[in-house]
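The structure under discussion appears below in the form of structure tokens.
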Amino acid sequence: MIDLKALRNDPERFKDGCRKKNSDVDIDLLLRLDTQRRDLMSRAETLRGEQKKLAKESGPKIGQLSGRLKSAQGDDRAALEAEISQLKAAPAKLKERIAALEVQLNEVTPQLESILLRVPLPPDPDVPVGASSDDNVELRRWAPEGWDWEKSFEQNRGFKPKTHIELCADLGLADFPRGVKLAGSRSYILTGMGMRLHQAVLRYALDFMVDRNGFTPMSVPVLVREEAMVGTGFFPGGRDQAYHIEETSRGGGADMFLTGTGEVGLMGLHQNEILDEGDLPLRYVTVSTCFRREAGAAGKDTAGLYRIHQFDKVEQVVICRADEQESRDWHQKMLGYVEDFVQSLGLPYRLLQCCTGDLGAKNADMIDIECWMPGRSALRADAPDDSPTAPNTPPAGEFGETHSASRLYDYQCRRLNMRTRPGGAGGKGETVFCHSLNNTVAASPRILIPILEIFQNKDGSVSVPEVLRPYLGGLDRIPPK
RNA sequence: GGAGAGGUGGCAGAGCGGCUGAAUGCGCUGGAUUCGAAAUCCAGUAUGGAGGUUUCCUUCAUCGGGGGUUCGAAUCCCCCCCUCUCCGCCA
């Protein structure tokens with residue numbers, strides 16, 4: 001959520017942010033509602049103040065008179081009753097007027113809030129302006145010794161690459177038909193070494209962040225309340241992407257949602273807390289199953305392990321002091337960890353600066369890492385009909401997104417009401433909303449695609465990246481079955 | 001799933017229709033005392049919104065959340081959430 005006061009002071013900045021992010025949120029309407037609401041509130045508050053004063057002044061008197069009324073007779077009684085109803089009349093009148101204002105407030109406030117929740121965080125000025133992912137800018141590339149970006153896989157390695165789907169079949173790593181039988185499209189079953197490789201990457205990634213980079217490992221719920229989805233900024237915008245468990249219709253107290261990333265659990269941990277500034281930055285890592293409906297992606301990446309409804313992900317988040325430079329520094333560090341990680345696996349990749357149109361409402365800046373997937377272009381369903389995608393044509397290869405590093409400033413912490421102050425909740429000084437950042441460490445099985453495709457050998461086997469071998473009992477090669 | 005108890009400030013814990021934004025204790029901050037410290041004493045110490053004559057003042061809201069009763073609600077009523085205890089079931 002953005003700061004309503006900041007919006008009031010500088011609406012242009014937020015309108016500009018909307019334009020850059022292709023958001024159609026009506027800032028002018030929001031401002032009008034805000035003015036209306038504050039006006040109604042101040043009027044209601046003034047009246048309530050009067051009412052309180054009256055209640056204090058005439059209240060005890062009413063009590064007294066009511067007491068006397070019980071034993072009063074005749075004329076006395078009538079006089080007392082008249083006096084009481086007169087005393088009651090003034091506050092009752094105020095109450096009516098307040099109620100009328102509140103009716104209006106109850107109309108304006110939800111409208112205002114629903115718009116406010118959708119106002120995107122303006123992108124940072126150094127983020128390139130663009131309409132879609134087509135306008136993203138490559139920052140740099142890295143490849144292991146012996147990989148030449150100028151050459152195709154075949155020229156680099158001396159044989160035609162198989163796609164990860166072919167490799168999964170030949171090596172017995174995944175069973176797609178049975179996955180679909182069980183759970184429908186975009187479902188899969190990892191089998192044998194496929195499952196072990198998946199677990200090895202996840203465990204390696206978790207250890208990498210804990211042992212080498214000092215992150216605290218956490219388990220988090222993947223089944224959460226709506227509040228956590230709104231707080232982390234995935235709702236209302238991304239409602240269609242989440243699986244919805246309708247518990248209220250079966251008598252439960254609250255509906256639940258399956259999370260699409262461990263970020264929800266990690267960021268929700270300290271919701272409504274005032275953290276001690278001295279405890280920051282908090283650095284958390286989790287491995288969790290992620291669920292995504294992939295609504296609107298029909299027909300895209302339908303085959304293989306790329307775009308699936310359920311996967312596992314090691315995710316890192318950092319919660320730091322509300323300081324732009326500190327946020328920027330952490331963003332770079334978190335990218336650095338992942339570059340080290342991907343390099344240790346030996347996967348060629350590039351860093352991609354996402355343009356404003358590709359950012360999403362909650363990010364000020366986002367940098368993706370895309371790994372080279374030699375078999376990927378053959379899988380494109382949106383390729384033109386005359387493109388060389390016939391079965392015998394070797395795939396040209398393509399980058400595929402494997403990581404995404406976001407810098408959110410206080411957007412998320414404001415929604416989560418996560419603040420900081422020297423000394424924590426009982427400390428002194430102003431409270432301020434923290435800053436937060438997140439980045440993938442490894443999402444599997446997607447990351448298995450470049451691993452299998454890059455490490456495939458001419459004889460049809462796949463070599464195991466060295467860093468994963470300790471997690472597979474020293475195994476260095478997965479042979480065809 | 002059944003039965004019961006409870007959710008109050010940073011923490012512990014009173015209050016159970018008006019004098020309570022909230023006793024008391026602890027903690028924390030400042031001051032006094034001291035060569036210094038401990039102890040003691042004094043004072044202060046929630047969050048958010050709106051407004052202003054903007055190192056401060058005024059005002060409104062908040063005692064798990066929402067709704068209601070009342071001139072007036074932390075206190076009474078209803079719904080929900082959460083925690084704990086016992087029983088049942090269970091990985």
Side-chain angles (χ1 to χ4, degrees), chain A residues 1-9 30-31 33-69 80-99 101-106 108-110 112-113 116 219 221 223-231 245-257 268-279 322 410 413-434:
Chain A
M1 186 157 59
I2 56 102
D3 182 1
L4 190 54
K5 271 190 232 165
L7 179 114
R8 234 176 258 150
N9 293 334
L30 180 58
L31 286 168
L33 290 168
D34 175 49
T35 309
Q36 251 183 65
R37 192 177 70 115
R38 281 188 297 154
D39 176 56
L40 290 168
M41 266 171 54
S42 81
R43 280 157 63 194
E45 276 174 12
T46 309
L47 294 177
R48 200 171 291 127
E50 276 176 50
Q51 190 201 15
K52 261 180 122 165
K53 211 175 288 170
L54 277 175
K56 250 176 203 164
E57 284 165 10
S58 60
K61 182 123 199 204
I62 292 171
Q64 215 177 44
L65 295 173
S66 301
R68 273 163 56 191
L69 187 64
L80 281 172
E81 273 174 352
E83 197 174 347
I84 289 172
S85 64
Q86 201 182 354
L87 280 170
K88 283 187 178 179
K93 190 117 191 183
L94 284 173
K95 215 179 151 188
E96 263 172 48
R97 289 170 63 194
I98 293 168
L101 288 170
E102 269 170 355
V103 167
Q104 293 182 64
L105 266 172
N106 289 338
V108 171
T109 305
L112 180 135
E113 275 167 1
L116 186 60
S219 88
L223 188 61
V224 302
R225 296 222 171 147
E226 183 165 9
E227 188 188 37
M229 298 300 275
V230 174
I245 316 292
E246 296 192 17
E247 277 298 291
T248 45
S249 62
R250 337 169 44 188
D255 280 3
M256 305 295 279
F257 295 86
L269 278 175
H270 297 291
Q271 193 170 12
N272 294 321
E273 288 184 26
I274 298 175
L275 302 167
D276 187 344
E277 207 178 72
D279 292 339
D410 65 357
C413 293
R414 189 180 293 277
R415 286 175 170 246
L416 289 164
N417 190 28
M418 192 191 293
R419 290 165 296 168
T420 179
R421 129 203 297 174
K428 282 244 171 190
E430 266 204 328
T431 57
V432 284
F433 293 106
C434 313

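Here the structure is a predicted model, which is why all the values come from computation and not from measurement. Computed over heavy atoms, backbone and side chain alike; hydrogens, waters and symmetry mates excluded. A, B, ... follow the sequence lines: proteins, then strands. Residue 1 opens every chain.
Listed by chain and number, the residues in a salt bridge (charged side-chain N to carboxylate O under 4.0 Å, His left out) with E227(A) amount to none (sequence neighbours excluded). Not counting sequence neighbours, D276(A) has no partner by the salt bridge (charged side-chain N to carboxylate O under 4.0 Å, His left out) test. Residues meeting the side-chain hydrogen bond (donor to acceptor under 3.5 Å, both in side chains) test with E102(A), sequence neighbours left out: R48(A). For E50(A), the side-chain hydrogen bond (donor to acceptor under 3.5 Å, both in side chains) test picks out no residue, with sequence neighbours left out. By the side-chain hydrogen bond (donor to acceptor under 3.5 Å, both in side chains) test, S42(A) is found to be paired with no residue, residues two or more places apart in sequence or in another chain being considered. In this view, D34(A) and R8(A), R38(A) satisfy the salt bridge (charged side-chain N to carboxylate O under 4.0 Å, His left out) rule, not counting sequence neighbours. D39(A) is linked by a side-chain hydrogen bond (donor to acceptor under 3.5 Å, both in side chains) to R43(A), counting only residues two or more places apart in sequence or in another chain. E246(A) is linked by a side chain to side chain contact (heavy atoms under 4.5 Å, CB included) to H244(A), S249(A), D255(A), counting only residues two or more places apart in sequence or in another chain. With sequence neighbours excluded, the residues that form a side chain to side chain contact (heavy atoms under 4.5 Å, CB included) with A254(A) are R225(A).
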Below 3.5 Å between N/O atoms, which protein atoms pair up with nucleotides 82-84 of chain B? Just atom names and distances, please.
{"residue": "C82(B)", "atom": "OP1", "partner": "R225(A)", "partner atom": "NH2", "Å": "2.9"}

When you compare the protein's N or O atoms with those of nucleotides 48-50 of chain B, which come within less than 3.5 Å of each other, and at what distance?
{"residue": "G48(B)", "atom": "OP1", "partner": "R419(A)", "partner atom": "NH1", "Å": "3.2"}
{"residue": "G48(B)", "atom": "OP1", "partner": "T431(A)", "partner atom": "OG1", "Å": "2.5"}
{"residue": "G49(B)", "atom": "N2", "partner": "E45(A)", "partner atom": "OE1", "Å": "2.6"}
{"residue": "G49(B)", "atom": "N2", "partner": "E45(A)", "partner atom": "OE2", "Å": "3.2"}
{"residue": "A50(B)", "atom": "OP1", "partner": "R8(A)", "partner atom": "NH1", "Å": "3.1"}
{"residue": "A50(B)", "atom": "OP1", "partner": "R8(A)", "partner atom": "NH2", "Å": "3.2"}

Under the rule of Watson-Crick or G-U wobble with both distances under 3.5 Å, where | means paired to another strand and [ ] a crossing pair, RNA chain B maps to ((((((((.[[[..)..(.....]]]((((((.......))))))(((((((...))))))).[[[[[..)....]]]]])))))))....
